[in-house]
Amino acid sequence: MQKFTLLRTTAVPIPMEDIDTDQIIPARFLKATTREGFGDNLFRDWRYQADNTPKPDFVLNNPAYSGKVLVAGRNFGCGSSREHAAWAIADYGFRAVVSSFFADIFKGNALNNGLLPVQVSPDFLHQLFSGIEQDPGIEVEIDLETQTIRIPSKGLEETFPIDPYKRVCLINGFDDIDYLISLKDKIAEFEVSMG
Amino acid sequence: MGKTLFDKIWDAHIVTSVEGGMEVVYIDRHFIHEVTSPQAFDGLRARNIGVFRPKQTVATADHNVPTKDQHLPIREALSRHQVDALIHNCADFGLELYGLGHPLSGHRAVIGPELGITQPGMTIVCGDSHTSTHGAFGCIAFGIGTSQVEQVFASQCLLQSRPKRMRINVEGQLGAGVYAKDLILYIIAQLTAAGGTGYFVEYAGSAIRSLSMEARMTICNMSIEMGARGGLVAPDQTTFDYLQGRQFAPQGAEWENALAYWKTLYSDEDAVFDKEFTFRAEDIEPMVTYGTNPGMGLGISQVIPTETGQSFEKSLEYMGFKPGESLAGKPIQHVFIGSCTNSRIEDLRLVAEFVKGKKKAPHVSAMVVPGSQQVAAQAKAEGIDRILEEAGFDFREPGCSACLGMNEDKIPAGAYCVSTSNRNFEGRQGPGARTILASPLMAAAAAIAGEIVDFRK
């Protein structure tokens, strides 16, 4: 897993609420048996017409917006448990998603793929959206070490929550599996105690 | 202080805790399917390890399978490749597979209960958000991502933060023509599609107690649609009667032991929930959704609310509806009766009883997809398939089908589909498809009338 420490970048805004994982990656693109390549179909039906020509009014097709942070309305990633949603966002090139809250399964999937879900207050989210609207070149800075997100040009900053264990995993690029495998003896003992 | 049912089960499965609060939770049963497992198997190969407890995993192919001619090779190459990969992976890692056409195959959330694999007090996971269905039996059951599928393969455990606890009480008696699907759509409409985020829900109250197991499964199935990790119902005599004698349920002395334990699985009187809601069953009428998330639902006699905001406006524009409109009388072109929400024998019986001797409207295409081979066989034994076909409904073979449009069963762009499934997201049933979620009876009635109707009138 890719390490995450400090990120300073412009951001791509999608000011919609309840963005579900069927929008992030429609089910018909879940037939691959590898983790790669899903970025091409990220937000497929918002991004392309039925004839595969880009929809010019969608933000990913607007050259004014770019960057490694996706900013979206509340309840981002609701719906299906498909990890392909996190893979698609990361594969496209995003390292973090900012929202006022995330659906639980999506949040877990993102953390397991080095994609940082940054939960901010509704007010900070509003400030971020309006900042990007005024200036698509505005930068955000995300510091995982101090759990801080900043909009330097506005002098705004906020801390964000993350489980301490997952924070250490992301900073070091560890995943959960090595840790769980290291517990096998303990797990076997637990099984015996369960009867 | 007493414990909630959720905490009783969760605490019994903690192997150890991690500094900072996460817990290592032991998983009793793991269901897998073709779409969310291949990358997890490849992860095991990359680490050169096997499945830690292969006997606790059950595999089935459901998401991607055709619902016609299942005895023939799958025509669509990518789908065939994915289903073949499941077959090879299960063989390589020594896992039980109820593959396409197997008499025990079907939706992972349908076969677990009907085979008695799902039992009270268990922890159950699957790379599928509707795993919450198993909660009807008093289990902690929830959907996971593929990295977590790999974790369970490797260790039979997951690292989890304990969710908050919510109780939803529904008191009283459901009115005539009001079913479990209406009840859960009503709850989600009250709490919104995000109202359960961060919580695990216990459904309680006299209206829930009086429901059959299949109806409880419909309720728990849609817990994820309000954002909850899962939902559960305390087991009772209805649960025990359902399980007794099922193929993988405990037998003889083991049954007695299990029963004694299961009877301890309830929330203590003084247990404290982080949030609690109470609804009256009498307030609920047949429900329909009008928007593009399951929280956008209303009673059939109500009109679409007037709200502002980009998300709401985009949603109504997609659906082709306006604030203040009633859905009753809106013409529809498709009806889908199926999915892990409503594809069990009780659902099919209700539909058959309603459509018997009637004909679907000529412009409507109506599809019925049973939840498993066992449901299909039972429906045939009861003559339900013939009744449906005489009414002009297409009775298919089991699978996820038009619930998510991964196979050929898609709804065309712009068309309206009254669907007994669980999600009305944009494009869920096919690009541009417009989904109206409803109960099996509302769907059947719409197929006959050719428009959305209040069948009680």
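Proteins come first, then strands; the chains are lettered A, B, ... in the order of their sequence lines, and each starts at number 1. Just the heavy atoms: all of them, side chains too, but no hydrogens, waters or symmetry mates, feed the values below.
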Peer 1: What are the two closest non-hydrogen atoms of A:Y165 and B:E19, and how far apart are they?
Peer 2: CB-O, 4.3 Å
Peer 1: For B:Q151, is it the side chain, the backbone, both, or neither that has a heavy atom closer than 4.5 Å to a heavy atom of chain A?
Peer 2: both
Peer 1: Is any side-chain heavy atom of B:P163 closer than 4.5 Å to one of A:D104?
Peer 2: no
Peer 1: Contact part of B:F153 toward chain A, heavy-atom cut-off under 4.5 Å: side chain, backbone, both or neither?
Peer 2: neither
Peer 1: Counting C-beta onward and ignoring hydrogens, is there a side-chain heavy-atom pair between B:P431 and A:R28 closer than 4.5 Å?
Peer 2: yes
Peer 1: Measure distances from B:A12 to the heavy atoms of chain A and classify the residue's part below 4.5 Å as side chain, backbone, both or neither.
Peer 2: backbone
Peer 1: Which heavy atom of A:R35 sits nearest to which heavy atom of B:S147, and what is that distance?
Peer 2: NH1-OG, 3.5 Å
Peer 1: Just give me the residue among B:L159, B:L158, B:L404, B:V18 that pairs up with chain A most often, heavy atom to heavy atom, under 4.5 Å.
Peer 2: B:L159
Peer 1: Nearest heavy-atom pair of B:S129 and A:S80: which atoms, and what distance?
Peer 2: OG-CA, 3.7 Å
Peer 1: Can you tell which part of A:F106 gets under 4.5 Å to a heavy atom of chain B, answering side chain, backbone, both or neither?
Peer 2: neither
Peer 1: Would you give the length of the straight line joining atom CE of A:M194 to atom NE2 of B:H13, rounded to the nearest 0.5 angstrom?
Peer 2: 5.0 Å
Peer 1: Say you draw a straight line from CG of A:D20 to CG of B:N293; how long is it, rounded to the nearest 0.5 Å?
Peer 2: 8.0 Å
Peer 1: For A:L183, is it the side chain, the backbone, both or neither that has a heavy atom under 4.5 Å from a heavy atom of chain B?
Peer 2: side chain
Peer 1: Heavy-atom pairs under 4.5 Å with chain A: which of B:S315, B:G295, B:G198 has the most?
Peer 2: B:G198
Peer 1: B:R428 versus chain A, heavy atoms under 4.5 Å apart: side chain, backbone, both or neither?
Peer 2: both
Peer 1: Show your working on side chain to side chain donor-acceptor pair (under 3.5 Å) between B:S79 and A:K31 and close with a plain yes or no.
Peer 2: CA-CA 6 Å; B:S79 299; A:K31 296 183 184 188; 3.0 Å; yes
Peer 1: Going through the distances and angles, do A:D178 and B:R47 end up as a salt bridge (charged side-chain N to carboxylate O under 4.0 Å, His left out)?
Peer 2: CA-CA 10 Å; A:D178 290 326; B:R47 287 168 200 270; 2.8 Å; yes
Peer 1: Nearest 0.5 angstrom please: B:S155 OG to A:I181 CD1, how far?
Peer 2: 7.5 Å
Peer 1: Could you state the interatomic distance from CG (A:D18) to OG1 (B:T292), rounded to the nearest 0.5 Å?
Peer 2: 8.5 Å
Peer 1: Check whether B:N257 gets within reach of chain A through its side chain, its backbone, both or neither, counting any heavy atom under 4.5 Å.
Peer 2: neither
Peer 1: Is there a side-chain contact between B:F425 and A:T21, using heavy atoms and a 4.5 Å cut-off?
Peer 2: no
Peer 1: Which bit of A:Y179 comes within less than 4.5 Å of chain B, counting heavy atoms only: side chain, backbone, both or neither?
Peer 2: side chain
Peer 1: Side chain, backbone, both or neither: which part of A:N113 has a heavy atom under 4.5 Å from chain B?
Peer 2: side chain
Peer 1: Quick one: of B:T131, B:N407, B:T192, B:T16, who has the most non-hydrogen atom pairs under 4.5 Å with chain A?
Peer 2: B:T16
Peer 1: For the residue pair B:E426 / A:W46, report whether a side-chain donor-acceptor contact shorter than 3.5 Å exists.
Peer 2: yes
Peer 1: Given a strict heavy-atom distance threshold of 4.5 Å, which part of A:T34 is in contact with chain B: side chain, backbone, both, or neither?
Peer 2: backbone
Peer 1: Measure distances from B:I14 to the heavy atoms of chain A and classify the residue's part below 4.5 Å as side chain, backbone, both or neither.
Peer 2: backbone
Peer 1: If you take all heavy atoms of A:I177 and B:A154, which pair is closest and at what distance?
Peer 2: CG2-CB, 4.1 Å
Peer 1: Can you tell me which portion of A:R44 sits under 4.5 Å from chain B's heavy atoms? Options are side chain, backbone, both or neither.
Peer 2: neither
Peer 1: How far apart are the closest heavy atoms of A:E17 and B:S311, and which atoms are they?
Peer 2: N-OG, 2.9 Å
Peer 1: Can you tell me how far the CE atom of A:M16 sits from the CZ atom of B:F312, to the nearest 0.5 Å?
Peer 2: 12.0 Å
Peer 1: Considering residues, nucleotides and ligands other than A:K184, do more than 12 of their heavy atoms fall under 6.0 Å from its NZ?
Peer 2: yes
Peer 1: Under a 4.5 Å heavy-atom cut-off, does chain B meet the side chain of A:E189, its backbone, both or neither?
Peer 2: neither
Peer 1: What closest approach, in Å, do A:A188 and B:R53 show between heavy atoms, and which atom pair accounts for it?
Peer 2: CB-NH2, 4.2 Å
Peer 1: With a 4.5 Å cut-off on heavy-atom pairs, point out which of B:D42, B:I144, B:I224, B:T36 contacts chain A the most.
Peer 2: B:I144
Peer 1: Report which part of A:A85 has an atom under 4.5 Å of a heavy atom belonging to chain B: side chain, backbone, both, or neither.
Peer 2: neither
Peer 1: Examine whether an atom of B:T197 lies under 4.5 Å from a heavy atom of chain A, and if so say whether it belongs to the side chain, the backbone or both; otherwise answer neither.
Peer 2: both
Peer 1: Before you tell me yes or no, could you show the steps for A:N109 and B:Q148 under side-chain contact (heavy atoms from CB on, under 4.5 Å), namely the whole-Å CA-CA distance, both residues' side-chain angles and the distance that decides it to 0.1 Å?
Peer 2: CA-CA 8 Å; A:N109 288 341; B:Q148 292 170 309; 4.1 Å; yes
Peer 1: Which one wins on heavy-atom pair count under 4.5 Å against chain B: A:D45, A:L30, A:T33, A:D163?
Peer 2: A:T33
Peer 1: Pair A:I105, B:F142 - check side-chain contact (heavy atoms from CB on, under 4.5 Å), show working.
Peer 2: CA-CA 9 Å; A:I105 305 180; B:F142 54 92; over 6 Å; no
Peer 1: Using non-hydrogen atoms only, which part of B:V15 is less than 4.5 Å away from chain A: side chain, backbone, both, or neither?
Peer 2: both
Peer 1: Select one option (side chain, backbone, both, neither) describing which atoms of B:Y199 are under 4.5 Å from chain A's heavy atoms.
Peer 2: backbone
Peer 1: So for B:E76, is it side chain, backbone, both, or neither that comes closer than 4.5 Å to the heavy atoms of chain A?
Peer 2: side chain
